[in-house]
Amino acid sequence: MKKGFAVIEIVAIAAVLIFLCVFTVPKFMSLVHKAQEGSTKHQLMRVRSAIAAYYGENQGMYPTDDLSCLVPRYLEEIPLARIPGYAPSSHVSIGNFETAFTKTGGWAYVNDPADPRFGDFFVNSEKEDSYGKMWHTH
């Protein structure tokens with residue numbers, strides 16, 4: 001009697017492994033995207049809190065720079081925005097809403113005092129999160 005696996009046994013094992021991969025890899029990728037979303041939403045709240053602290057300490061005035069004034073007093077650094085479809089980035093696009101919202105990933109901040117959205121900080125993406133909400137409206 002020969003030792004080892006028969007061809008049919010190898011094919012059956014391969015079929016089971018393929019079947020498992022087909023159902024587990026997409027679920028795993030979905031979990032990775034949701035974890036990135038959660039991290040980005042947390043970082044968004046951290047920066048907004050830092051902006052609020054700055055506002056409170058500066059007689060009701062928001063920062064007018066690219067938020068570098070928040071580092072290191074309010075934040076250690078501008079955090080990364082991890083948005084599916086974009087490279088992780090800590091870049092902050094600035095200007096009025098139209099010029100700051102470049103839809104290129106990273107962050108956007110309205111630093112123009114003449115804009116009604118002055119002080120707004122948001123994710124610089126026109127995509128939706130996993131719940132169907134636009135990133136820039138968070």
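Just so you know, these numbers come straight off a predicted model, no measurement behind them. We use all heavy atoms of the structure for the numbers below, so side chains are in, but hydrogens, waters and symmetry mates are not.
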Chemist: Who are the salt bridge (Lys or Arg N to Asp or Glu O under 4.0 Å) partners of Glu126, not counting sequence neighbours?
Modeler: Lys103
Chemist: With sequence neighbours left out, what residues match Tyr55 under ring pair (Phe, Tyr, Trp, His ring centres under 6.0 Å)?
Modeler: Tyr62
Chemist: Does any pair with a residue in residues 88-97 pass salt bridge (Lys or Arg N to Asp or Glu O under 4.0 Å), and if so which ones, sequence neighbours excluded?
Modeler: none
Chemist: Considering only residues two or more places apart or on different chains, which pairs with a residue in residues 78-91 satisfy salt bridge (Lys or Arg N to Asp or Glu O under 4.0 Å)?
Modeler: none
Chemist: Enumerate the salt bridge (Lys or Arg N to Asp or Glu O under 4.0 Å) contacts for residues 58-69, please, sequence neighbours excluded, ordered by first and then second residue.
Modeler: none
Chemist: Name all residues meeting the salt bridge (Lys or Arg N to Asp or Glu O under 4.0 Å) criterion together with Lys127; count only those two or more places apart in sequence or in a different chain, and write none if there are none.
Modeler: none
Chemist: Listed by chain and number, what are the salt bridge (Lys or Arg N to Asp or Glu O under 4.0 Å) partners of Glu57, not counting sequence neighbours?
Modeler: Arg73
Chemist: Does Tyr86 have any ring pair (Phe, Tyr, Trp, His ring centres under 6.0 Å) partners at least two apart in sequence or in another chain, and if so, which?
Modeler: none
Chemist: Excluding sequence neighbours, so at least two apart, what forms salt bridge (Lys or Arg N to Asp or Glu O under 4.0 Å) with Arg46?
Modeler: none
Chemist: Excluding sequence neighbours, so at least two apart, what forms side chain to side chain donor-acceptor pair (under 3.5 Å) with Thr64?
Modeler: none
Chemist: Quick one: list whatever passes side chain to side chain donor-acceptor pair (under 3.5 Å) with Glu37, sequence neighbours left out.
Modeler: Ser130
Chemist: Quick one: which residue pairs count as a side chain to side chain donor-acceptor pair (under 3.5 Å) with a foot in residues 104-115, not counting sequence neighbours?
Modeler: Thr102-Thr104
